[in-house]
2 protein chains.
Amino acid sequence: MAETSDFKAEPPAGIDSIGASSEGASLYELIREDIIEGRLAANERLVVTDLARRHGTSTNPVREALQLLRGEGFVTFVANRGARVRPIDQDFVRDIYEIGVLIEPALTRWFVNMATVEDIAELERIQGLIEENNFADTYRHSELDTAFHTVMYQRHYNRHAAELWWKHREVLRAVSRRFNFTLARRAAILREHRELIALVKAGEADKAADLISRHVEGSGRHVLEQMRARNAARAG
Amino acid sequence: MAETSDFKAEPPAGIDSIGASSEGASLYELIREDIIEGRLAANERLVVTDLARRHGTSTNPVREALQLLRGEGFVTFVANRGARVRPIDQDFVRDIYEIGVLIEPALTRWFVNMATVEDIAELERIQGLIEENNFADTYRHSELDTAFHTVMYQRHYNRHAAELWWKHREVLRAVSRRFNFTLARRAAILREHRELIALVKAGEADKAADLISRHVEGSGRHVLEQMRARNAARAG
DNA sequence: ACGCGATAAATCGTACATTGTTTATAGAAA
DNA sequence: TTTCTATAAACAATGTACGATTTATCGCGT
C-alpha cells in the first residue's frame with residue numbers, strides 16, 4: 001500500500017520513548033495515539049484492567065506504559081487512584097506555541113548553517129507533497145506541515161531541542177485532529193514554507209529564523225482563535 | 001532540624017513526576033537521585049532484580065520507576081536488554097544550557113511583569129542565604145543558585161516552560177555534584193543576582209532578560225570549561 | 001435529604017512462568 | 001598453544017496470575 005511513510009522521520013536517538021517506531025506499535029504508543037487522536041477524552045480515567053482487556057494483555061505492560069506516558073507528560077497520576085488523560089486544552093496549546101516561538105528560530109538557524117543538499121532536497125520533496133495535496137485533505141496538510149519542520153529539526157544539532165520538538169510535534173498532531181486550519185491559513189503556511197526554502201538555499205540564517213518565528217506565532221494565534229471560537233460556540 | 005527546606009520549591013502542578021515531593025521519596029525519585037548524584041555511572045546497566053533487592057521491594061515497582069525515568073529522559077531502554085543510565089556528558093550539558101539561553105530570558109521577562117511583592121521578598125531571602133553562606137559550601141551555593149532561578153520560574157506563567165525548567169534544574173544539580181564552580185564564577189553569580197533583583201524591582205523586563213541571557217551563557221561556558229579540563233586531565 | 005456501612009472495583013505489590021540475551025565452557029581447526 | 005565456534009547453562013527482561021489494600025459506589029436507616 002502507499003504507506004504514509006512517504007514522509008516518515010526517525011525520533012532523535014537516545015530518546016527512545018517518543019516517536020513512532022517503524023513497525024511494532026508498542027502498547028504505550030497505542031495509548032498515546034489514543035490520546036493524541038482524541039479517542040480518549042480529556043481527564044478521562046485510564047483504568048489499567050480495562051486497557052489490559054482491550055489490548056489483550058495482562059495488566060503489567062499497561063502499567064508500565066502509563067508510567068512512561070506520565071514521564072512524557074501526557075498522563076497524570078494520583079497515588080492509589082491511577083491515571084488520567086492530561087487534557088490538551090487552550091492553556092496547554094498556548095504554552096506549547098510559546099515555547100515553539102522560543103525554540104524553533106534557534107533550531108532553524110542551526111539548520112540553515114548545517115544543512116546538507118540532501119536535507120534541502122528532502123524539504124523540497126515534502127513541499128512538493130503539500131502542493132500536490134493542494135488543500136484537499138486538511139489533516140494530511142497538517143501532517144505534512146509538521147513533517148516539514150521535522151526535517152529541519154530531526155538531525156539533532158541539539159538533542160534536547162530535538163526532543164522538545166518531538167514532544168511539540170505530538171501536541172500539534174493532537175491539535176490538527178481537533179481543529180482544521182482555514183484555507184487562508186494553509187495558503188499562508190505554504191507560502192512561508194516556500195520563502196523558507198529560498199532562505200535556506202541562500203544561507204540566510206537570520207532571516208530564516210525570523211520567518212519561522214512569525215510562522216510559528218501565526219499558526220499558534222490561528223489555532224487559539226479556532227479553539228476559542230469552538231468554546232464560545234459550545235457555551236453560547 | 002534545620003531542614004534544607006529553607007528554599008524548597010514545589011514542582012509545577014500537573015507534572016507530578018518531576019520534582020522532589022515533600023516526604024515520601026518514592027522509588028523513582030530515589031533512583032533518579034542516584035543518577036543525579038552520580039552514584040550510578042554513565043551507561044551503567046540498571047538491573048531490575050538488583051534494584052528490587054537493594055530497595056527491598058519486588059520487581060514491579062522498579063520496572064514502573066524505570067519506565068517513568070525513561071519518559072523523563074534520564075534512562076535509556078533497549079528492548080529485551082533493559083535500562084541504562086543516560087550519561088550526563090559534555091554534549092548533554094551543552095545542549096541543556098543552549099536551551100536555557102533560549103528559555104530563561106522569556107521566563108524572566110514574564111516574571112518581571114507579573115512578580116508579586118512576596119515573590120521579590122523570596123528572591124531577596126534566597127540571595128541573603130547565598131551571601132550568608134559566603135562561598136563556604138560550594139554545593140550549597142549551587143543549590144541556592146538554582147533555587148533563586150526556581151523562585152522566578154516556578155509559578156508557571158507557562159506550564160511547559162516551567163516543566164522544562166524543572167528538568168533543566170535536575171541536570172544542573174547533577175553538574176554541580178560533579179564540578180565546583182570557581183570562586184570567581186560564584187562571585188559573578190552573586191553579583192548578577194543582585195543586579196537582577198534591582199532590575200526586577202524597577203520593572204525592567206528587557207534588561208532583566210538580557211542579564212539572564214548572559215548569566216546563563218556564562219554559567220554554561222564555565223561548566224563546559226570545567227568538564228573539558230577534567231577530560232583533558234584524565235586523557236593526559 | 002444526609003450520613004453510614006457493606007459491597008464492588010481498581011490500584012499496588014508479590015510471586016511465578018516464559019522468552020530472549022549474555023556468558024562460560026568445551027571442542028575443533030590452525 | 002591459540003583462536004574460533006558451537007553449545008549449554010546462567011541470567012535478566014518481559015508477561016501472567018493472584019492476593020492485599022485503598023478507593024469508589026450503592027443501599028439502608030434515621
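Values below: all heavy atoms of this structure, side chains included; hydrogens, waters and symmetry mates excluded. Numbers restart at 1 for each chain; the letters A, B, ... are given by sequence-line order, proteins then strands. What you are looking at is a predicted structure, and each value in this text was computed from that prediction instead of being measured.
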Rounded to whole Å, the CZ-P distance (Arg54(B) to dA12(D)) equals 12 Å
Worksheet entry | Flag for Arg169(B)-Thr150(B): side-chain donor and acceptor within less than 3.5 Å | yes
When rounded to whole Å, the CG to P distance for the pair Leu46(B) and dT14(D) reads 12 Å
Whole-Å distance, Asp50(A) CG to dA8(C) C1', equals 14 Å
To the nearest angstrom, the CG-C1' distance between Asn60(B) and dG19(D) comes to 13 Å
Of Gly56(A) and Val47(B), the one whose nearest nucleotide on DNA chain D sits closer to the 5' end is Val47(B)
Students often get this wrong, so: under 4.0 angstrom with heavy atoms, is Thr59(B) touching a base, only sugar-phosphate, or nothing? nothing
*Between Phe181(A) and His222(A), ring centroids under 6.0 Å*: yes
Rounded to whole Å, CZ of Arg63(A) lies from P of dG15(D) at a distance of 13 Å
Atom CG of Asn80(A) and atom C1' of dT21(D) are separated, to the nearest Å, by 8 Å
Closest to the side chain of Val48(B), out of dT16(D), dA13(D), dA10(C), is dA13(D)
For the ring pair Tyr157(B) and Trp110(B), is the centre-to-centre distance below 6.0 Å? no
Can you confirm if the NZ or CZ of Arg70(B) lies within 45° of the ring axis of Phe77(B) and under 6.0 Å from the centre of its six-membered ring? yes
Taken to the nearest whole Å, CD/Glu64(B) to P/dT14(C) is 11 Å
Atom CZ of Arg81(B) and atom P of dG20(C) are separated, to the nearest Å, by 14 Å
